[in-house]
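Chain letters run A, B, ... following the sequence lines, proteins first, then strands; residues in each count from 1.
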Amino acid sequence: MAIKLSELAEKTGCRLHGDDCLITNVSDLDTAKEGDIAFVYNPKYLDKIASTDASAIILKEIWLKHCSKPALVADNPRLTFVKVARYLNPEKRYDAGICRSADVADDVSVPESAYIGPNVVIEPGVQLGENIQIGANTVICSDTSIGDNTVIHPNVSIGHSTQIGKNCIIYAGTVIGADGFGYERDGDHYLKVPQLGNVRIGNYVEIGANAAVDRGALLDTVIGDGVKLDNLVQIAHNVVVGKHTVMSGHSGIAGSTKVGDYCLIGGGVGIGDNIEITDNVVILGRTMVVSSIDKPGAYASSMLTDEVSNWRKNALRFRHLNEMEKRLKVLEKKLEP
Amino acid sequence: MAIKLSELAEKTGCRLHGDDCLITNVSDLDTAKEGDIAFVYNPKYLDKIASTDASAIILKEIWLKHCSKPALVADNPRLTFVKVARYLNPEKRYDAGICRSADVADDVSVPESAYIGPNVVIEPGVQLGENIQIGANTVICSDTSIGDNTVIHPNVSIGHSTQIGKNCIIYAGTVIGADGFGYERDGDHYLKVPQLGNVRIGNYVEIGANAAVDRGALLDTVIGDGVKLDNLVQIAHNVVVGKHTVMSGHSGIAGSTKVGDYCLIGGGVGIGDNIEITDNVVILGRTMVVSSIDKPGAYASSMLTDEVSNWRKNALRFRHLNEMEKRLKVLEKKLEP
Amino acid sequence: MAIKLSELAEKTGCRLHGDDCLITNVSDLDTAKEGDIAFVYNPKYLDKIASTDASAIILKEIWLKHCSKPALVADNPRLTFVKVARYLNPEKRYDAGICRSADVADDVSVPESAYIGPNVVIEPGVQLGENIQIGANTVICSDTSIGDNTVIHPNVSIGHSTQIGKNCIIYAGTVIGADGFGYERDGDHYLKVPQLGNVRIGNYVEIGANAAVDRGALLDTVIGDGVKLDNLVQIAHNVVVGKHTVMSGHSGIAGSTKVGDYCLIGGGVGIGDNIEITDNVVILGRTMVVSSIDKPGAYASSMLTDEVSNWRKNALRFRHLNEMEKRLKVLEKKLEP
């Protein structure tokens, strides 16, 4: 696909600076070829403009004096770059149709606009929106509903009675709607607590590969509109994740916890059960959160990396930190006037 | 399903207090509708009894004076609630039978009581118990045995020669019996160590979604009776997990470690290789355990969440903690009488 | 398989000590039966030689005086043991052929030496090497290439245009080439950044069960020759993992980070985005790395396990560690001569 820079300017609401030219793809400044458009988001990279082979640059007005190439002038060059990239690279889609080896229950109505891949299993009572794409070997259990334009990749497992909104993407290997992890001790063993709730997923939600979102125990597990969950994320039963919250790989939320809107949760973060995190909270990678957070802001708990020889001495000493404070207090007392 | 409260009393060994009534489902006090039964486990919720729409309450004898509704009087209201929930919500089962698209080896005998889902692959030498359920697109490799009443969800992969006991549940996407992670350095590269052991899983074991239990190197990996493993748990080769131990999401055990019976292991816990954890050990979330634990009790190592500005100062200071102790000692010396 | 000890000596370049005998398998000293060969890697186990039922022992020259059995004399007994184990236990392979239920695109040429399991889906443009094995229910998307002798286990999902080298093993449930986790905030929501790069995997790479390796955003994600990734490992977009680096279970690398050759990364380690780790770095389990490491060596950040009562006091005190240092400094000042 080749498209005029002027057309990209129009599509992204940017001003065209310099001559018009044909753009075929996006790239970074270092590896760009002729026909590519690249962007500058940090002035320290402005000197790369002279040497890049990119045909056009996306940058801020104030940086124009450093740029002798055609350019898109943008308030937010990175966002404009993403919009251009999306425009030049529309999502690949399978042609509509039902593969012969798919096993679709008799009562399920498949829209003509839908793609159902090979060996897909769709159980009775499932409702499918327009333009959905269901990847090979995915299993959708009974009474689940999937909204328009949602894409489900291969080898996904979706439990019964799950609600998935419109324009969602669920990546390969992910499991939605497995039973929550609930047991009650009964003498010498544990009794499984029936998991009677479901999973409700909003619109524009994206869930990475090999993630797991469990169904609720009594009420539902809820994933708000626009939420983005990375690979291998774990969402336990009855969790509520607020709108447009983003969670990176290996992070997890324990049962019945409520996370607010627009939170940014780093990789490997663990959020304990039955707590509440307010809106607009940022949690750094590998943090363990065990108490509610009611103030927006950035939070952390993980330690800093050190060479093992230093680390070990300090880590051993940590076991006596409280004691050290007491020794300190004794000295302070002695030196009081 | 509607059932008399008096019958539930009988089934659960509780005393019926007040009038008999029909119960259709379980619920919590807040969202209960007529026909629901709810429970109180903490006296602070007793005042909700007056306003709930639940038709009956499960509670302790001593709380009866707060309750004007029909009630089940229980020593452990939560456990009774679970029993009632199980009674009112028997597990959903597929009708017995072998789906046409299942690929079952000729030498495998499938009991008439078994359900084998679409696209299930069962290799030669597999032994299947009565009343088992194998979900769609699951693969069971050669010479594996699966005990009576065990349920395996969709897209599960079970390696060859695995033994799975009776009444187990294995959730979607889980992998049992992949090779353990064993390599030996040979000059400039690593050589794979053949993984010649198997996986042996006891009875009443439940393993969550997208978990992984590796086969042993020489001996077997062993999961004891009644063990419950949550989603995304990792069990390395030659690990032995004792009976009725419970591990939450994202926790993992490295090679050849032995965990005792009735342990409770929190989310994201890492247990190092070649150590031993005794019975009845509780490990809080995100703890890293690298030495054996021979005393029952509760253990932790993760840090507490703090605002990033405070956290950073303290985390940087931690790198000098041992030095601080030395400075403290110098002062103590100076102030000695 | 039974083989002469003298032949094993020849195959592994070791000296035979004592009489020749027939060896049928490998074992450890404790559980060995007649016909087994075991090894000693630590002199503290030498006294087990007298009581083991093993028919032969692999050990070092200097330990021979403790051994009255036939032996292989090796510089590195463990490595020799692994070589013997590999020799006696050649990898199980399926017979070549394409299962009837496999769905292979018309333009894909399947070598006669290849095994394509039941319900495998291979999309157009895929290139397959000699002697490959593709396990049941695995999905390989368009334009992917897979090198000779590579084995892919069941229920694996491989995204389009992935390159996988020769002699690789990919275990069940793993997802290669899902979209990277890239979003750009656009007012009140996040916009997905097209992930236009691919995944390139070298030769002799092994990737455990339920792992995830994402495709790059603009450039490719690259896994070097000989890399070994354990179960549930997460590799984000544009990461480069150097040759022969080994990562244990639940470890993860965030976007655009470059890890060097021959690194050893423990379980549950998190490596932040956009940093660089040099060659020969060892990172202990559960460490969080957020800055580049340019010096080979061993690094850690996780805390040591303690009983909860002690741990809590110290963890609470940690929140005032920086303050403690200041109090210490005040005292030092007061006591200055």
Side-chain angles (χ1 to χ4, degrees), chain B residues 101 103 119 121 137 139 155 157 160 173 175 178-179 181 183-186 188-194 196 210-212 214 218-219 232 234 236 250 252 254 268 270 272 284 287-291 293 297-304 306 310 313-314 317-318 320-321 324 327-328 331 334-335, chain C residues 25-28 31 78-79 82-83 85-86 89 91-92 99 101 117-119 135-137 153-155 169 171-173 204 206 208-210 226 228 230-232 244 246 248-250 267-268 285-286 302-308 311-312 315-316 318-322 324-325 328 331-332 335:
Chain B
S101 58
D103 182 334
N119 308 319
V121 177
N137 291 9
V139 178
N155 282 317
S157 306
H160 71 85
V175 178
D179 278 355
F181 195 64
Y183 301 94
E184 187 66 26
R185 183 129 176 199
D186 184 15
D188 65 351
H189 65 283
Y190 288 89
L191 216 54
K192 178 175 170 55
V193 180
L196 307 171
N210 282 338
D214 280 354
L218 289 173
L219 305 176
L232 296 157
Q234 146 81 344
H250 280 138
L284 301 201
T287 293
M288 175 74 193
V289 183
V290 292
S291 316
I293 295 177
Y299 295 84
S301 76
S302 162
M303 301 300 287
L304 299 172
D306 205 347
N310 287 324
K313 282 180 207 148
N314 295 322
R317 196 61 75 190
F318 177 77
H320 305 282
L321 182 59
M324 273 176 67
R327 288 162 58 193
L328 189 57
L331 295 184
K334 281 192 181 170
L335 289 173
Chain C
N25 213 342
V26 290
S27 186
D28 62 72
T31 64
R78 188 200 290 270
L79 178 58
V82 171
K83 288 178 175 173
R86 288 167 60 95
N89 298 277
E91 219 178 306
K92 284 182 190 181
C99 289
S101 57
N119 308 321
N137 291 8
H153 284 256
N155 280 319
I169 305 176
Y171 288 95
Y204 292 97
E206 303 184 21
N210 282 340
K228 315 297 181 196
D230 197 358
N231 301 340
L232 297 160
H244 305 292
V246 176
S248 292
H250 280 139
R286 300 276 144 171
S302 162
M303 301 301 286
L304 300 171
T305 304
D306 205 348
E307 290 185 58
V308 165
W311 163 80
R312 186 172 287 127
L316 284 167
F318 176 78
R319 290 181 163 167
H320 304 281
L321 182 59
N322 191 48
M324 273 176 68
E325 199 277 343
L328 190 56
L331 295 184
E332 286 171 332
L335 289 172

Which residue out of [options] racks up the most heavy-atom pairs below 4.5 Å with chain B?
options                                : result
C:Gly285, C:Gly173, C:Gly226           : C:Gly285
C:Met324, C:Glu325, C:Glu307, C:Glu332 : C:Glu325
C:Gly117, C:Pro118, C:Gly268, C:Cys99  : C:Pro118

Partner chain C: residue of [options] with the largest heavy-atom pair count (under 4.5 Å):
options                                : result
B:Met303, B:Lys313, B:Gln234, B:Arg327 : B:Arg327
B:Asn210, B:Ile293, B:Val289, B:Leu321 : B:Asn210
B:Leu218, B:Asn314, B:Leu331           : B:Asn314
B:Leu191, B:Thr287, B:Asp306           : B:Leu191
B:Asn310, B:Leu304, B:Val121           : B:Leu304
B:Ser101, B:Gly272, B:Ala178, B:Ala298 : B:Ala298

Tell me, side chain or backbone of [X] under 4.5 Å from chain B's heavy atoms, or both, or neither?
X        : result
C:Ser27  : backbone
C:Tyr171 : side chain
C:His244 : both
C:Ile169 : side chain
C:Asn119 : side chain

Using side chain to side chain donor-acceptor pair (under 3.5 Å), reason through C:Glu206 and B:Tyr183 one step at a time and then give a plain yes or no. CA-CA 10 Å; C:Glu206 303 184 21; B:Tyr183 301 94; 2.7 Å; yes

So C:Asn89 and C:Val26, side-chain contact (heavy atoms from CB on, under 4.5 Å) or not? Walk me through it. CA-CA 9 Å; C:Asn89 298 277; C:Val26 290; 4.3 Å; yes

C:Asp230-C:Ser248 side chain donor-acceptor pair, cut-off 3.5 Å: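 No, no side-chain donor-acceptor pair sits under 3.5 Å.
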
Should we count CZ of C:Arg319 as having more than 12 external heavy atoms under 6.0 Å?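 Yes - once you tally the heavy atoms of other residues, nucleotides and ligands closer than 6.0 Å, there are more than 12.
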
Take atom OH of C:Tyr204 as the centre, draw a 6.0 Å sphere, and report whether it contains more than 12 heavy atoms from other residues, nucleotides or ligands.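 At most 12 heavy atoms, drawn from other residues, nucleotides or ligands, come within 6.0 Å of this atom.
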
Criterion side-chain contact (heavy atoms from CB on, under 4.5 Å) on B:Val175 and C:His153, from CA distance to verdict: CA-CA 10 Å; B:Val175 178; C:His153 284 256; over 6 Å; no

